[in-house]
Amino acid sequence: MADTARDPPPEHTDFHELEDGEEDLFPEPTATEEESQPASLPAEDISTNSNGPKQDSLFDDDPEDLFAEATEEVSLDSPERDVLLSDGPSPAITPITPPTSVITPRIGHAHDDMFTRSSFDEIEEEEGGDSFDIHISVSDPEKVGDGMNAYMAYKVTTKTSMSLFKCSDFSVKRRFSDFLGLHSKLASKYLHIGYIVPPAPEKSIVGMTKVKVGKEDQSSNEFVEKRRSALERYLMRTVKHPILLKDPDVLQFLESSELPRAVSTQALSSAGLLRMVNKAADAVNKMTIKMNESDAWFEEKQQHFENLDVQLRKLHTSVESLVCHRKELSVNTAQFAKSAAMLGNSEDHTALSRALSQLAEVEEKIDQLHQDQANADFYLFSELLGDYVRLITAVKGVFDHRMKTWQKWQDSQMLLQKKREAEAKLQFTNKPDKLQQAKDEIKELEGKVQQGERDFEQISKIIRKEVSRFEKERVKDFKSIIIKYLESLVQTQQQLIKYWEAFLPEAKAIS
Amino acid sequence: MMEEAKDEASVLSVHGDDIKVTEVLKDGDTLTFLIISKKDRHKPVVSPVFQLSGTGEYHVDRTYDDFEWLQQHLFAQEDVPGIQGVIFPPLPAKPQVNASAKTMKQLGILGLGEWQPYCKAMETFLRQVAAHSVLCRNKAVEVFLTSSAPPGRQKIRKNIFNRLSQAVEEMRKEGHKDVDEFFQTERDRNLVLTSCTKTAAEKFLDMVLTEQKIAVACGHFSAALHLLVEPGEDADKQAFSRVCVKLSEVFESMKKNMTSVAENNMSTLGLGLDLESRHQEAEKEMLFRRTCKLVELESTKRNAEKAKPVKKLAMEEVKKAAETEFEHICRVAKQEITRFEKVRVEMLQQALVQWCEKQLLTAKESADQFNKHLQVFGGMA
């Protein structure tokens, strides 16, 4: 059920093309050498080659050079490009531009020691400076325009004390496709190197059509509220990720008053259709990759996520049924309240009549409690579980990318082997040109094999870190939601106590 | 008044207000109820055939059919003047294993399969019969409550009280204008109240059913959470497992809360509304019988007037008999209506007070429980 935009499926052949491009994009390896940054951090002082951190200079000085090349390199038919498309100046058209971290392994294994997990944490702390203090709210949904071209604009307010931002309290107006565009860019940049990019809320053609058509009823109001809440959670999850928070696209999304429209996120665009085709192709590919897992950690984690996926889906269904019953109870209670009121009106006995009318009022209030509780059930639990089901899909996606990275490495190795064999045969023939060509090819392939291995190690390391972060966040997330939910439960009971205590004397006073 | 009451109450050898239906045993389609009544030591033993345990109590078991036997005997007392003016205590419908939709609707809250409310309803029936000044005199009541042998199973001949015998044509008599304002008012009021009460009882039942569904859903969720628990020494994994286990306990508490709420509803107000509804129906039937008698009376009057001299005397006799009977019925009916009014208000009040007290208690317990959970989560590292 994952949105196609979240799953950029690079095929092998295309990846090779991209790799070529990638190499050209970093014409100054020496600069990165000096950095010696460990893997995951596109930190502030990385060279201008990376599109990681927010640096105005990056956009102003280099974009043309950098991305002109990129556009040439990447074929327009590349599935990765299509998935990731967003118009506009942002460096998102860089599926081929992973953060410098992936590049640094090229300088050799001398810096292996930097890739251990502990040093990641250390460096992050050094880097951060700011402790995590940011709160984003999405509010004030406003219909803009008329008819089928109408859309909802949401106000995105950021309150923060972090130095990463220009101000401490600011807002912008965004529409749903902007959010999808942001996710699309982040997915293109980070998913294939192992970062778990939080998925964007799902599209809903039915829901939006109702809103466009101008139906101002409860179900369309509920839809808008559900979406508003989902967008808020999406942004908070995104900025909680230390890497994503610093991404220029994220910062631009939060801060800049004008954002170019992301059109390729439309469901029925040609890009959308291509996405669907590629997703199918991707599924086929997945089935044919048989990886020799040498790392038990990955095997175990993959199993764990499979299990988690299944259980969470079950729980989600369970909660949805609970929400349904709760709403039903609210309806039943309202109907009973009406019938009790009628009974009270028909009753001759004064005190009994009054008591019955009071009963009707109490039941009406209880109905409201049921509605509030149903909302809590939904917005707290149902949405939490839904979010995690979608998040797990993203997690499974990065595991798949790792497999693909492995496959690519293996393919390079096999090709190298073949070339070597061919070269050996050529030794006995008198074709010096062909021999030289073979030697050149072998040299190139050796580089590719090394790169492939480094990429694989890199993605493996990043995934380990990401999974650890995911597991920590998960505990925090669940706990905070559960506490909110329990507070709502306590609140409901306390209200009930008030109502019953008020009703008791009325009942006793009947005779 | 007091003496009258003493006289009337002296017929039964047991305390009418202390009859208990303590248990019900199910054997296929047969239900057997255990009935305990306390001997009134001031009364002589009426029937030599009795079952008396050492505690001064009568323990008898009766099937649903035995209850019907009793009811039929009460209906069949045609020699008692004005018997048709009595509002007969209603017997709950017979619960069946695979009940039809119609039966389920008839049973209402008593059809939920919970035996406690059903026993209470049967108990109320017996208490009302025993407390009724006219009905308790019927020997069948004494036999039913005290005889060790099950009462006879012979079918009583059909009587006019059998609702099913009311022909469709007779239904139009229901709207027949009354000669007495008191009764016309009562008929009008009863008509409205009967339908309002029935609706209220039905809506209440819907609520209870949904509450039960929620309880079940919470139970499922609680069980499913255990599937998220994974073994392992990883600190984060363990933390998450702990969260899942504790959350499971929260949902278990929610299930208990909803179950209690539903039970409270059933055993107090649910039962009360059901009883009130059946009572209103019983009054309706009595009023209808009286109306039918009124129609009959008016017809005899007309016949007497129109009769030729030859038949006139005979017609006058018939008219006189009808008048007398009608007077008896009206007298009894008036008493019954007054008594009924008092009893039903008391009963409803009791139901409402008990209901409120039980729900208040449940809410307090649940608030406590949820607070405890909240503290556990707050304290979790």
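Below, chains carry the letters A, B, ... as their sequence lines are ordered, and counting in each starts from 1.
- Considering every non-hydrogen atom in both B/Ile214 and A/Arg326, the closest pair reads CD1-CA, 3.9 Å.
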**Q.** Evaluation steps, side chain to side chain contact (heavy atoms under 4.5 Å, CB included), between A/Leu489 and B/Val250
**A.** CA-CA 10 Å; A/Leu489 289 175; B/Val250 170; 4.1 Å; yes
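- With a 4.5 angstrom heavy-atom cutoff, B/Asn257 touches chain A only via side-chain atoms.
- Heavy atoms of B/Leu227 lying under 4.5 Å from chain A belong to its backbone as well as its side chain.
- A heavy-atom distance below 4.5 Å is found between the side chains of A/Leu329 and B/Met258.
- Note on B/Gln369, B/Glu202, B/Glu341, B/Arg344: by heavy-atom pairs under 4.5 Å with chain A, the leading option is B/Arg344.
- With a 4.5 angstrom heavy-atom cutoff, B/Glu230 touches chain A only via side-chain atoms.
- In this structure, the side chains of B/Trp355 and A/Leu359 come closer than 4.5 Å at one or more pairs of heavy atoms.
- Closest non-hydrogen pair, B/Phe240 versus A/Leu308, comes out as CE2-CD1, 4.3 Å.
- Of the residues considered (A/Glu501, A/Gln493, A/Gln494), A/Gln493 shows the highest number of contacts with chain B, using heavy-atom pairs under 4.5 Å.
- Neither the backbone nor the side chain of A/Ile366 comes within contact range of chain B; no heavy atom of the residue lies under 4.5 Å from a heavy atom of that chain.
- The choice from A/Leu322, A/Leu352, A/Val310, A/Ile482 that makes the most heavy-atom pairs within less than 4.5 Å of chain B is A/Ile482.
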Q: Check the pair A/Glu328, B/Lys213 against side chain to side chain contact (heavy atoms under 4.5 Å, CB included), reporting the backbone distance first and the verdict last.
A: CA-CA 10 Å; A/Glu328 198 188 324; B/Lys213 277 192 224 169; 3.0 Å; yes
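- A/Ala509 and B/Gln349 make their closest contact through N-NE2, 4.4 Å (heavy atoms, listed as atom of the first residue, atom of the second, distance).
- Nearest approach of A/Val490 to B/Ala367, heavy atoms of both residues: CG2-O, 4.4 Å.
- With a 4.5 Å cut-off on non-hydrogen atoms, B/Val353 touches chain A through its backbone and its side chain both.
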Q: List the steps and the verdict of side chain to side chain contact (heavy atoms under 4.5 Å, CB included) for A/Phe336 and B/Leu205.
A: CA-CA 9 Å; A/Phe336 175 66; B/Leu205 176 62; over 6 Å; no
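- At a 4.5 Å heavy-atom cutoff, A/Asn345 makes no contact with chain B through either its backbone or its side chain.
- Highest contact tally toward chain A, considering only B/Glu357, B/Lys246, B/His220, B/Gln350, is held by B/Glu357 [criterion: heavy-atom pairs under 4.5 Å].
- Taking the ring centroids of B/Phe370 and A/Tyr485, they lie at or beyond the 6.0 Å cut-off.
- Heavy-atom pairs under 4.5 Å with chain A were tallied for B/Val216, B/Leu352, B/Asp234; the largest tally goes to B/Leu352.
- Across all their heavy atoms, A/Trp500 and B/Cys356 have their closest contact at O-SG, 3.2 Å.
- Residue A/Phe470 does not touch chain B at all, counting heavy-atom pairs closer than 4.5 Å.
- Nearest heavy atoms, A/Ser339 versus B/Thr199: CB-CG2, 4.2 Å.
- Taking chain B as the reference chain and counting heavy-atom pairs below 4.5 Å, the highest number among A/Leu496, A/Val331, A/Thr333 is found for A/Thr333.
- No side-chain heavy atom of A/Ile510 sits under 4.5 Å from any side-chain heavy atom of B/Leu348.
- Residue contact with chain A, scored on non-hydrogen atoms closer than 4.5 Å, is absent for B/Leu209.
- How far OG of A/Ser346 is from CG of B/Asn190: 11.5 Å, rounded to the nearest 0.5 Å.
- The contact between B/Leu269 and chain A is made entirely by side chain atoms (from C-beta outward), counting heavy-atom distances below 4.5 Å.
- With a 4.5 Å cut-off on side-chain heavy atoms, A/Leu486 and B/Phe377 count as touching.
- Residues B/Leu228 and A/Leu315 have side chains in contact (heavy-atom distance under 4.5 Å, counting atoms from C-beta outward).
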Q. So A/Phe381 and B/Leu247, side chain to side chain contact (heavy atoms under 4.5 Å, CB included) or not? Walk me through it.
A. CA-CA 11 Å; A/Phe381 270 114; B/Leu247 183 60; 3.5 Å; yes
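- Counting heavy-atom pairs closer than 4.5 Å to chain B, the top residue among A/His304, A/Glu300, A/Met342 is A/His304.
- With chain B as the partner, the residue from A/Lys508, A/Glu363, A/Arg474 showing the most heavy-atom pairs under 4.5 Å is A/Arg474.
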